[in-house]
Chemist: 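Take a look at the following structure, please.
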Amino acid sequence: MKKLLFFAIGFIIISCSNKDLDRDLAESKIIEHFSIPCVEVASFQNETLGRNNVPQKHADFIRQGYIYCNSEGSWNNRYYLTEKSMPYFSQENNIIAGNLIEFNEITGIKFNDAKNQAIVDFSFKRKGITPFGEFAERFEDEAINLQIEFELYDDGWRIKETNLDQRFVPKEVFSLYNK
C-alpha cells in the first residue's frame with residue numbers, strides 16, 4: 001500500500017513538472033521572454049543615392065528634422081540622425097525605437113510527434129508608433145503574426161533561441177521610455 005502511495009505521489013509530481021504546453025503557458029512564457037511591453041526596433045537604412053535623387057520619404061524626414069543629409073561634395077548622400085532623433089536612439093545598442101509592443105494572442109500550437117517540441121503561432125500588437133516607426137510604415141494597433149519554437153526540458157517548457165531577440169528589445173534600453 002505504501003509503495004502504491006509513493007508511486008502515485010511520484011507520478012503526480014512528474015506530471016506537474018512536465019505540464020502540457022497550452023495557450024496560457026505559452027503566452028506567459030512569451031511575455032516573460034520578451035519583457036512585454038517591449039520595443040520593436042526600426043530599421044533605418046543609410047542608403048547611398050545620387051545627389052539629386054533623395055527619395056520623397058527621406059526628404060520629408062529631413063524637413064521634419066529627424067535626419068540630415070551630407071553629400072560631402074560627391075555623388076553620394078549619407079543620412080545622419082539629428083539631436084531631435086536621440087530620444088528614439090539607443091547609442092549603447094545602436095538601434096532605433098519603432099514602436100511599443102503588446103502581447104495580442106496565441107493563434108495556434110503545433111506539437112511534434114514526441115510532444116517534446118512545439119511551434120507556437122502568436123501575435124503582437126503595435127502601439128505608440130515613433131516617427132521612425134511611421135517611416136517604416138507601421139500603424140497603431142497593427143497585429144504582427146509570428147512563430148516561436150518551444151522545447152520540453154526536465155524542468156518544463158523553454159523558448160528556443162530566436163532571431164526575434166534582435167527585433168524586440170526591453171523598453172529600458174531607450175531613454176524615451178525611462179521617464
Side-chain angles (χ1 to χ4, degrees), residues 10-47 55-58 60-61 64 66 81 85 87-90 92-179:
F11 180 75
I12 291 169
I13 290 171
I14 290 170
S15 297
C16 290
S17 66
N18 290 333
K19 183 178 180 186
D20 289 339
L21 182 64
D22 61 16
R23 289 175 184 242
D24 290 336
L25 180 59
E27 178 179 337
S28 68
K29 294 278 187 187
I30 290 168
I31 288 171
E32 178 184 347
H33 180 83
F34 290 107
S35 301
I36 302 294
C38 66
V39 173
E40 182 179 16
V41 174
S43 174
F44 183 79
Q45 299 297 327
N46 196 355
E47 300 163 7
Q56 185 62 43
K57 195 173 177 179
H58 287 72
D60 292 343
F61 223 45
Q64 292 170 15
Y66 290 105
L81 299 175
S85 297
Y88 309 104
F89 181 67
S90 170
E92 181 180 329
N93 300 79
N94 201 29
I95 53 178
I96 299 172
N99 49 273
L100 286 172
I101 286 293
E102 291 181 357
F103 185 83
N104 192 33
E105 66 178 334
I106 300 290
T107 56
I109 301 175
K110 181 180 179 183
F111 294 94
N112 67 352
D113 291 338
K115 297 240 183 223
N116 61 359
Q117 293 182 335
I119 296 174
V120 175
D121 296 327
F122 67 101
S123 64
F124 285 155
K125 194 171 273 195
R126 290 179 168 142
K127 296 287 188 181
I129 309 296
T130 71
F132 289 93
E134 289 175 9
F135 185 84
E137 298 177 357
R138 296 179 183 167
F139 304 99
E140 191 74 16
D141 293 323
E142 179 180 14
I144 313 164
N145 296 313
L146 302 161
Q147 283 188 336
I148 199 159
E149 292 182 61
F150 280 76
E151 284 188 312
L152 181 60
Y153 284 80
D154 63 336
D155 62 347
W157 288 93
R158 296 183 195 171
I159 292 177
K160 288 178 73 171
E161 280 192 38
T162 173
N163 61 357
L164 294 176
D165 291 333
Q166 288 89 44
R167 182 173 169 188
F168 303 105
V169 298
K171 64 182 186 174
E172 292 75 23
V173 167
F174 297 94
S175 62
L176 171 70
Y177 302 110
N178 290 320
K179 294 178 182 179

Chemist: Taking the side chain as C-beta and beyond, is there a heavy-atom pair between I36 and F168 under 4.5 Å?
Modeler: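 SC-SC contact between I36 and F168 ruled out.
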Chemist: Can you name the nearest heavy-atom pair linking G98 to V39, along with the distance?
Modeler: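 Looking at all heavy atoms of both residues, the closest pair is N-CG1, 4.3 Å.
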Chemist: Check whether any side-chain heavy atom of E134 sits under 4.5 Å from a side-chain heavy atom of D60, and report yes or no.
Modeler: no
Chemist: Is any side-chain heavy atom of V41 less than 4.5 Å from a side-chain heavy atom of Q166?
Modeler: no
Chemist: For side-chain contact (heavy atoms from CB on, under 4.5 Å), just list the numbers for I148 and F34, CA-CA rounded to whole Å, side-chain angles, deciding distance to a tenth of an Å, and then say yes or no.
Modeler: CA-CA 12 Å; I148 199 159; F34 290 107; 3.8 Å; yes
Chemist: Would you please name every residue forming a salt bridge (Lys or Arg N to Asp or Glu O under 4.0 Å) with E102, sequence neighbours left out?
Modeler: none
Chemist: Is the side chain of D20 donor-acceptor paired with the backbone N or O of D22 at a distance under 3.5 Å, no angle test?
Modeler: no
Chemist: Check ring-ring contact (aromatic ring centres under 6.0 Å, His included) between F122 and all other residues, then give those that pass, not counting sequence neighbours.
Modeler: F124
Chemist: Is the side chain of E40 donor-acceptor paired with the backbone N or O of L100 at a distance under 3.5 Å, no angle test?
Modeler: no
Chemist: Do D141 and K125 have side chains that get closer than 4.5 Å, going by heavy atoms?
Modeler: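 Touching, per the 4.5 Å side-chain cut-off.
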Chemist: Can L81 and F132 be said to form a side-chain contact (heavy atoms from CB on, under 4.5 Å), step by step?
Modeler: CA-CA 11 Å; L81 299 175; F132 289 93; 3.7 Å; yes
Chemist: Per the side-chain hydrogen bond (donor to acceptor under 3.5 Å, both in side chains) rule, what does the pair list look like for residues 26-37, sequence neighbours excluded?
Modeler: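 Every pair satisfying side-chain hydrogen bond (donor to acceptor under 3.5 Å, both in side chains) with a residue in residues 26-37: H33-D165.
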Chemist: With sequence neighbours excluded, tell me which residues meet side-chain contact (heavy atoms from CB on, under 4.5 Å) with P37.
Modeler: K171
Chemist: What pairs with E137 under salt bridge (Lys or Arg N to Asp or Glu O under 4.0 Å), at least two apart in sequence or on another chain?
Modeler: K57
Chemist: Tell me every residue that passes side-chain hydrogen bond (donor to acceptor under 3.5 Å, both in side chains) with Q117, counting only those two or more places apart in sequence or in another chain.
Modeler: E151
Chemist: Side-chain contact test, heavy atoms from C-beta onward, threshold under 4.5 Å: evaluate it for Y66 versus I96 and give yes or no.
Modeler: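 Not touching, per the 4.5 Å side-chain cut-off.
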Chemist: Kindly indicate whether the side chain of N99, heavy atoms from C-beta on, has any atom under 4.5 Å from the side chain of F139.
Modeler: no
Chemist: Does the side chain of L152 come within less than 4.5 Å of L21's, by heavy atoms?
Modeler: no
Chemist: To the closest 0.5 Å, what do you measure between CG (N116) and OH (Y153)?
Modeler: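 Separation between the atoms: 10.5 Å.
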Chemist: One pair to check against side-chain contact (heavy atoms from CB on, under 4.5 Å): N94 and F89. What are the steps and the verdict?
Modeler: CA-CA 7 Å; N94 201 29; F89 181 67; 3.3 Å; yes
Chemist: Rounded to the nearest 0.5 Å, how far apart are CZ of R167 and CD1 of I101?
Modeler: 7.5 Å
Chemist: Show, in sequence, the C-alpha distance, side-chain angles and deciding distance for R23 and I109, and conclude whether the side-chain contact (heavy atoms from CB on, under 4.5 Å) test is met.
Modeler: CA-CA 8 Å; R23 289 175 184 242; I109 301 175; 4.1 Å; yes
Chemist: Applying side-chain contact (heavy atoms from CB on, under 4.5 Å), name anything that partners V173, two or more places apart in sequence or on another chain.
Modeler: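 Testing V173 for side-chain contact (heavy atoms from CB on, under 4.5 Å), a comparison that skips the adjacent residues, returns S90, N93, I95, P170.
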Chemist: Quick one: list whatever passes side-chain hydrogen bond (donor to acceptor under 3.5 Å, both in side chains) with Q147, sequence neighbours left out.
Modeler: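 Residues passing side-chain hydrogen bond (donor to acceptor under 3.5 Å, both in side chains) with Q147: D121.
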Chemist: Indicate yes or no: at least one non-hydrogen side-chain atom of L176 is less than 4.5 angstrom from one of Y88.
Modeler: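 Result yes, sub-4.5 Å side-chain heavy-atom pair found.
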Chemist: What residues, two or more places apart in sequence or in another chain, satisfy side-chain hydrogen bond (donor to acceptor under 3.5 Å, both in side chains) together with S85?
Modeler: none
Chemist: In Å and rounded to the nearest 0.5 Å, what is the SG to CZ distance from C38 to F103?
Modeler: 11.5 Å
Chemist: Would you please name every residue forming a salt bridge (Lys or Arg N to Asp or Glu O under 4.0 Å) with R158, sequence neighbours left out?
Modeler: D155
Chemist: Under the salt bridge (Lys or Arg N to Asp or Glu O under 4.0 Å) rule, collect the residues that match up with K115, sequence neighbours excluded.
Modeler: none
Chemist: Would you please name every residue forming a side-chain hydrogen bond (donor to acceptor under 3.5 Å, both in side chains) with E142, sequence neighbours left out?
Modeler: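 Partners of E142 by the side-chain hydrogen bond (donor to acceptor under 3.5 Å, both in side chains) criterion, ordered by chain and then number, come out as R126.
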